[in-house]
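To find a chain, count down the sequence lines: A is the first, B the second, and so on, and within it residues start at 1.
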Amino acid sequence: MHWADKVAEELLRRGDKHRIATGITPSGHIHLGNLREMLTADAVRRALEDRGGKVKIIYIADTFDPLRKRYPFLPAEYDKYVGMPLSRIPCPCGEHKNYAEHFLEPFLESLKILGIDVEVKRADRMYKEGEYEKAIKIALREKEKIKKILEEVTGKKCDESWSPFMPICENCGRINSTKVTGFNEKHVHYVCECGHEGEVSYREGKLGWRIDWPARWGILNITCEPMGKDHAAAGGSYDTGKRLAREVFEIEPPYPVVYEWIHLKGVGAMKSSKGVVVPVREMVEVLPPEIVRYIIIRSKPERHIDFDPATLLDLIDEFEEAYTRKDRSVELSLVEKVNYCKVPFRHLVVVGQIANWNFNRVIEILRRTEYDVDVEDVKRRMSYAKKWLEKFAPERMKFEVRDIKEINVDFSKKELEFLRKFAEEVKNDMKADDLHNLVYVVASRVGIKPAKAFNAIYKAVLGKNYGPRAGYFMESLGTDWIKKRFIKVVELRS
RNA sequence: GGGCUCGUAGCUCAGCCAGGCAGAGCAGCGGCCUUUUAAGCCGCUGGUCGCGGGUUCAAAUCCCGUCGAGCCCGCCA
């Protein structure tokens, strides 16, 4: 059984209405690793819906988190924003409302493309609009109890001035430098490292992460939450959250789905703080959404994924094969009612190049070479094939059918003879195999090594020594075209 | 020190929850009219299921132990 179905069945034992929380922080480029949280949630959502459950995914964007440090991708002037909430830091490119939105907006666009329907909650607004107020009051009142739980579970001492609530300093704007000195029904008093002393309302500050998390479970009625393995470690924030939920906020903690990290092949774990990322927004430009989803959904959450752009084509092959047997991972990955016809993505990459990405020509070639085409599907995937080629493909795979005038390479006598003979022998109804075989036949008749014969073909068409597998390449180009081209090349050189 | 995950064919992994003849893809080898390239077809090779014990008519699967690898344990997916 698929992992998402197992989780769904477990959840259904608890009830048939669920609210799944996700919580990626927009502190840097949101990447494939982060996406695992959303796709884990989405796969579970679908599995639940397939069984008649009611589900909603809530995405709490931690826009209120302080900037931890100046990340390598930020200019030096951002030093002064360290410690301030992401929602109050200027946008790096100047086009978004603030720092958090700069990273959040492209990510939300990606979620749309990927068919992940979420209710977005921005943490800064939740605090500002008072959604946390009750929880903050409970936390301040129960400070000693919370402290005790944290110390018991983590085995570490909280220091004397520890507080569950972190006010924003009115003077320096930082959220991680204040110490709470007292509170009443309306205000929280604090002193800040910057020397300022003052008071803020319950809406001008946030709970520390370990308290914030269980608090939001209660506020949003969360029943299930995927989390990175860091949270799930013994003494980690899920352990403390679980107890705080029950003993302080008096709610049941959500059902956890722990997932592993995604590594970039040969590079290591993706870390937005280190700039090791493939931003999700870029991936969804280049790959069909169902493929992006499949990369993650096909693996159990607890397994590492080593993402290797070099093997993407193999993965797409696998997807296409799995599609035909209605594999569950594929089912959970498809976004809309796309109808995959039997034209491999791999093939589109070649045919697209032959046709110079002219859609009508692509269709014409596919039809002539006896593919069953679904026009809409080909159109959609062809555009991805083009982008994939530009972004991920190795140079060897790229080629361009040249105009005859652009063929400036030299041909040996034998090569020309081969081309001439080949043109004579080509019959219009020849298929890929026939053409491939004909190369050997003519080569041996002319007394030229097959490898040289292939070179001649590629040179005559592409102006270089190599190209796609010759038989089907020539079939795609059309026997008639090939014949004319070869004759022309020979003419021009004799 | 604590925790999680992984260990099955050369490589990537499925199968384990719910015990019943050890699987797939890739790679390799052979063939498809003697040969190229990241798309083909047919066939073949290839595994003490990390190791040791236990339960069982029967264990890759369940239990106990052990070794190895990776990661996590202020914040982080």
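Residues that satisfy the side-chain contact (heavy atoms from CB on, under 4.5 Å) test with A:Ala139, not counting sequence neighbours, are A:Ile146, A:Pro164, A:Leu207, A:Ile211. Contacts of A:Lys398 classified as salt bridge (charged side-chain N to carboxylate O under 4.0 Å, His left out), with partners at least two apart in sequence or in another chain: A:Glu395. In this view, A:Glu160 satisfies the salt bridge (charged side-chain N to carboxylate O under 4.0 Å, His left out) rule with no residue, not counting sequence neighbours.
Here the nucleotide nearest the side chain of A:Ala470, chosen from B:G74, B:A77, B:U36, is B:U36. Closest contact between the side chain of A:Ala234 and the listed nucleotides B:A77, B:G2, B:C75 involves B:G2. Closest to the A:Ile24 side chain, of the nucleotides B:A77, B:A38, B:U36, is B:A77. Nearest nucleotide to the A:Ala233 side chain, out of B:A38, B:A77, B:C72: B:C72. Taking every side-chain heavy atom of A:Arg68 into account, B:C75 is the closest of B:C75, B:A77, B:U35. Each of B:U35, B:G74, B:C72 was ranked by its minimum atom distance to the side chain of A:Phe454; first place goes to B:U35. Checking B:A77, B:U36, B:C75 against the side-chain heavy atoms of A:Glu37 singles out B:A77 as nearest. Of the candidates B:C72, B:C75, B:A77, the closest approach to any side-chain atom of A:His31 belongs to B:A77.
Distance A:Tyr440 OH to B:G31 P: 13 Å, rounded to the nearest Å. Protein atom CD of A:Glu321 is 11 Å distant from nucleotide atom P of B:C41, rounded to whole Å. Whole-Å rounding puts the A:Asn34 CG to B:A77 P distance at 6 Å. Rounded to whole Å, the distance from CG on A:Asp42 to P on B:A77 is 19 Å. Regarding A:Glu475, its CD atom lies at a distance of 12 Å from the C1' atom of B:G40, rounded to whole Å. Rounded to an integer number of Å, the gap from A:Ile262 CD1 to B:G70 P is 20 Å. Separating the CD1 atom of A:Ile211 from the C1' atom of B:C75 is a distance of 13 Å, rounded to the nearest angstrom. To the nearest angstrom, C1' of B:A77 lies 16 Å from CD1 of A:Ile57.
Among the protein residues, A:Val441 comes within range of the nucleic acid bases, having at least one heavy atom under 4.0 Å from a base atom. A:Arg298 comes within 4.0 angstrom of no nucleic acid atom, judged by non-hydrogen atoms across all strands. The residue A:Lys6 sits close to a base: some heavy atom pair falls under 4.0 Å. Within the nucleic acid shown, A:Thr22 has no heavy atom closer than 4.0 Å to any nucleic acid atom. Among the protein residues, A:Pro468 comes within range of the nucleic acid bases, having at least one heavy atom under 4.0 Å from a base atom. Residue contacts for A:Arg36: at a heavy-atom cut-off of 4.0 Å it reaches no nucleic acid atom on any strand shown.
The six-membered or imidazole ring of A:Phe454 lies near that of A:His436, with a centre-to-centre distance under 6.0 Å. The distance between the ring centers of A:Tyr132 and A:Phe64 does not fall below 6.0 angstrom.
Side-chain N/O atoms of A:Ser87 and A:Asn98 include no donor and acceptor closer than 3.5 Å. Side-chain N/O atoms of A:Asp327 and A:Tyr294 include no donor and acceptor closer than 3.5 Å. Side-chain N/O atoms of A:Arg210 and A:Thr240 include a donor and acceptor closer than 3.5 Å. A side-chain donor-acceptor contact under 3.5 Å links A:Asn34 and A:His31. In summary, the side chains of A:Glu37 and A:Tyr259 do present a donor paired with an acceptor at a separation below 3.5 Å, with no hydrogens or angles considered.
For the pair A:Lys229 and A:Ala232, both in contact range of RNA chain B, the more 5′-proximal nearest nucleotide belongs to A:Ala232. Place A:His347 and A:Tyr259 on RNA chain B by their nearest nucleotides, and A:His347 ends up nearer the 5' end.
Looking only at side-chain heavy atoms (C-beta outward), A:Trp162 and A:Leu150 come within less than 4.5 Å of each other.
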Distances under 3.5 Å only, N/O to N/O: pair up the protein atoms with those of nucleotides 5-8 of chain B.
unit_1, atom_1, unit_2, atom_2, d
B:U5, O2', A:Glu302, O, 3.1

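Side-chain N/O atoms of A:Ser237 include none lying less than 4.0 angstrom from OP1 or OP2 on B:C75.
Listed by first and then second residue, the salt bridge (charged side-chain N to carboxylate O under 4.0 Å, His left out) pairs that reach into residues 107-118 of chain A are A:Glu109-A:Arg281, sequence neighbours excluded.
Across the P atoms, B:U8 and B:A69 are found 14 Å apart, a figure rounded to whole Å. Between the P atoms of B:A9 and B:A60, the separation comes to 14 Å (whole Å). Straight-line distance between the C1' atoms of B:C33 and B:C49: roughly 44 Å, to the nearest whole Å. Nucleotides B:U56 and B:G20 are separated by 12 Å at their C1' atoms, to the nearest Å. For B:G23 and B:C67, the C1' atoms lie 27 Å apart once the distance is rounded to whole Å. To the nearest whole angstrom, the two P atoms, one in B:C71 and one in B:A22, are 35 Å apart. Comparing the C1' positions of B:C17 and B:G30 gives a spacing of 42 Å, expressed to the nearest Å. Taking atom P on both nucleotides, B:G1 is separated from B:U48 by 34 Å, rounded to a whole Å.
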message: If a pair means Watson-Crick or G-U wobble with both distances below 3.5 Å, what does RNA chain B look like in dot-bracket form, with | marking bases paired to a different strand?
response: ((((((((.[[[[.)....(..]]]].(((((.......))))).....[[[[[..)....]]]]])))))))....

